[in-house]
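As structure tokens, the structure follows; a few thoughts come after it.
Given the structure is predicted, the values throughout are model-derived calculations rather than measurements. Lettering of chains follows the sequences in order, A, B, ..., and the numbering in each one begins at 1.
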Amino acid sequence: MPELPEVETVRRGLAPALENATLTAVQVRIPKLRWPLPPDLAERLIGNRVERLTRRAKYLLVHMSDGCVVIIHLGMSGHMTVWPEDAPTPGRHDHIDFVTDAGAVIRFTDPRRFGAVLLDHADTIDDHKLLSKLGPDPLSNQFNAEELARRLKGRSSPIKAALMDQRIVAGLGNIYVCESLFRSAISPKRKSGTVQGKRAEALTAAIRGVLADAIAAGGTSLRDHVSPDGTLGYFQHQFSVYGRQGEACPGCTCDIEKTGGIQRLVQAGRSTFYCSRRQR
DNA sequence: CGGCAAACCTGCGAGC
DNA sequence: TGCTCGCAGGTTTGCC
């Protein structure tokens with residue numbers, strides 16, 4: 001499910017229930033997600049206060065008052081919901097409950113179990129194996145056309161693959177890469193190294209714009225994504241190309257018979273959607 | 001280092 | 001109705 005906008009939606013939804021709350025119980029009902037859960041997770045968190053909830057790329061970081069940091073990744077199908085009181089009986093994919101002193105239950109659900117919940121410490125978090133190699137967050141000041149161009153320079157791989165690589169820019173996934181390439185009129189097959197100058201500027205602006213629009217829409221709800229209060233995102237209604245193969249390109253005025261409409265191809269094992277006429 | 005397929009899981013829709 | 005197949009928002013790992 002979750003790319004940057006969905007994770008940011010989750011962060012914003014969880015913050016009111018978690019920030020400044022003390023955890024009174026942590027119920028872990030599964031031994032492992034993507035990796036084994038820290039055996040001392042509950043022990044380390046109970047009685048501890050949540051100071052801040054932040055996001056790094058697609059990772060949620062829960063900063064505790066004693067310096068410990070909970071790293072949460074939602075994988076493909078993870079979501080988190082807040083129950084202010086009386087949470088329902090956990091279902092088979094409801095793996096972890098965090099209970100606050102206000103009586104709220106913050107529940108981690110993940111059918112495919114590609115997600116992760118790990119522990120680290122504020123002093124070492126930047127060096128954590130999963131975080132240390134991440135590229136700039138596309139909404140931060142570290143991300144701009146010059147920086148993106150520099151990171152793409154000399155690369156022969158297709159731009160689609162480079163944007164999916166979290167070391168180049170961190171937070172995009174399949175949907176937002178497709179949509180950003182469409183907005184900047186760049187072919188997903190274009191060699192990364194040729195995205196310089198004006199193209200890098202257009203791509204940077206497109207990525208920022210797509211992400212901002214998606215966050216404003218509460219993310220994309222195709223199957224699993226719901227915000228912590230249970231509401232659905234609606235950015236899927238604004239897709240230009242994702243999942244729209246065979247449909248008319250929203251940017252082309254000419255006959256769909258001539259253009260073939262939106263195409264689908266597979267790159268590095270993932271579906272790419274694009275308009276071959278508009279995107280070069 | 002680059003690039004790709006496989007692996008980790010469950011669920012859903014399409015087609016037979 | 002029920003089976004099989006392909007596909008799904010991610011990321012790591014291992015192989016060439």
Side-chain angles (χ1 to χ4, degrees), chain A residues 1-11 29-37 55-60 71-80 91-95 108-118 128-135 138 151-181 188-193 207 210-211 213-215 217-227 232-246 264-273:
Chain A
M1 153 191 69
E3 304 180 37
L4 188 154
E6 290 74 41
V7 179
E8 179 60 19
T9 299
V10 170
R11 190 194 69 77
R29 289 180 283 267
I30 197 172
K32 71 184 281 277
L33 290 162
R34 166 139 208 181
W35 294 288
L37 291 161
R55 178 187 57 73
R56 175 76 176 98
K58 303 176 194 173
Y59 293 89
L60 275 175
I71 302 171
I72 300 176
H73 195 287
L74 300 174
M76 286 280 260
S77 60
H79 59 267
M80 300 190 76
R92 90 170 171 120
H93 301 308
D94 296 330
H95 305 309
F108 180 98
T109 305
D110 184 8
R112 291 178 74 178
R113 285 180 267 144
F114 288 176
V117 174
L118 300 169
H128 192 280
K129 193 187 168 192
L130 295 175
L131 306 180
S132 62
K133 292 191 180 137
L134 292 174
R151 286 169 177 267
L152 295 175
K153 199 166 186 179
R155 292 195 161 246
S156 59
S157 61
I159 186 67
K160 163 82 188 305
L163 294 178
M164 295 289 286
D165 185 340
Q166 305 295 300
R167 294 169 301 184
I168 307 270
V169 50
L172 302 178
N174 209 28
I175 291 177
Y176 298 112
V177 166
C178 291
E179 294 295 317
S180 298
L181 287 171
K189 296 193 273 192
R190 172 174 282 279
K191 279 189 178 165
S192 301
I207 289 170
V210 165
L211 294 179
D213 290 351
I215 290 171
T220 293
S221 292
L222 291 182
R223 175 156 296 137
D224 297 303
H225 171 65
V226 287
S227 82
L232 298 173
Y234 53 89
F235 188 72
Q236 64 277 12
H237 303 304
Q238 295 173 50
F239 287 170
S240 295
V241 289
Y242 187 85
R244 295 191 176 278
Q245 71 271 36
R264 175 183 179 270
L265 75 139
V266 175
Q267 293 177 291
R270 308 294 299 275
S271 291
T272 300
F273 302 92

From the set [options], return the single nucleotide nearest to any side-chain atom of [X].
X       : options                  : result
R112(A) : dA8(C), dG3(B), dG11(B)  : dA8(C)
K58(A)  : dT12(C), dC7(C), dG10(C) : dG10(C)
S271(A) : dG3(B), dC9(B), dC7(C)   : dC7(C)
E3(A)   : dC4(B), dG10(C), dG3(B)  : dG10(C)
R264(A) : dT11(C), dG3(B), dC7(C)  : dC7(C)
Y242(A) : dA8(C), dG10(C), dG3(B)  : dA8(C)
H93(A)  : dG9(C), dG2(B), dG11(B)  : dG11(B)
L222(A) : dA8(C), dG9(C), dC9(B)   : dG9(C)
R155(A) : dA8(C), dG2(B), dG9(C)   : dG2(B)

Report which part of the nucleic acid K133(A) touches: base, sugar-phosphate, or nothing (heavy-atom distance under 4.0 Å, all strands).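 No contact at all - K133(A) keeps every heavy atom at 4.0 Å or more from the nucleic acid.
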Base, sugar-phosphate or nothing for R92(A)? Non-hydrogen atoms, less than 4.0 Å.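 Since only primed, P, OP1 and OP2 atoms lie under 4.0 Å of R92(A), the category is sugar-phosphate.
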If I take atom CH2 in residue W35(A) and atom C1' in nucleotide dC9(B), what distance separates them, rounded to the nearest angstrom?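 After rounding, the gap between these two atoms is 14 Å.
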What is the distance, to the nearest angstrom, from the CD atom on E6(A) to the C1' atom on dG9(C)?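 Answer to the nearest Å: 7 Å.
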Under a plain distance cut-off of 3.5 Å, with no hydrogens placed, do Q267(A) and T272(A) share a side-chain donor-acceptor pair?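 Present: a donor and an acceptor within the cut-off.
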For dT11(C), does the base pair up with any side-chain atom of R34(A) as donor and acceptor (N or O, under 3.5 Å, distance only)?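 Between dT11(C) and R34(A), which were checked side chain against base, a qualifying N/O pair under 3.5 Å is present.
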Distance, P atom - from dG10(C) to dC1(B), rounded to whole angstrom: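 That atom pair is separated by 25 Å.
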Taking atom P in both dG14(C) and dC9(B), what distance in whole Å separates the two?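 Comparing P positions in dG14(C) and dC9(B) gives a spacing of 16 Å.
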Would F114(A) count as stacking on dC9(B) if stacking means ring centres less than 5.5 angstrom apart and planes tilted under 30 degrees?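 So no, this residue does not stack on that base, at least one cut-off failing.
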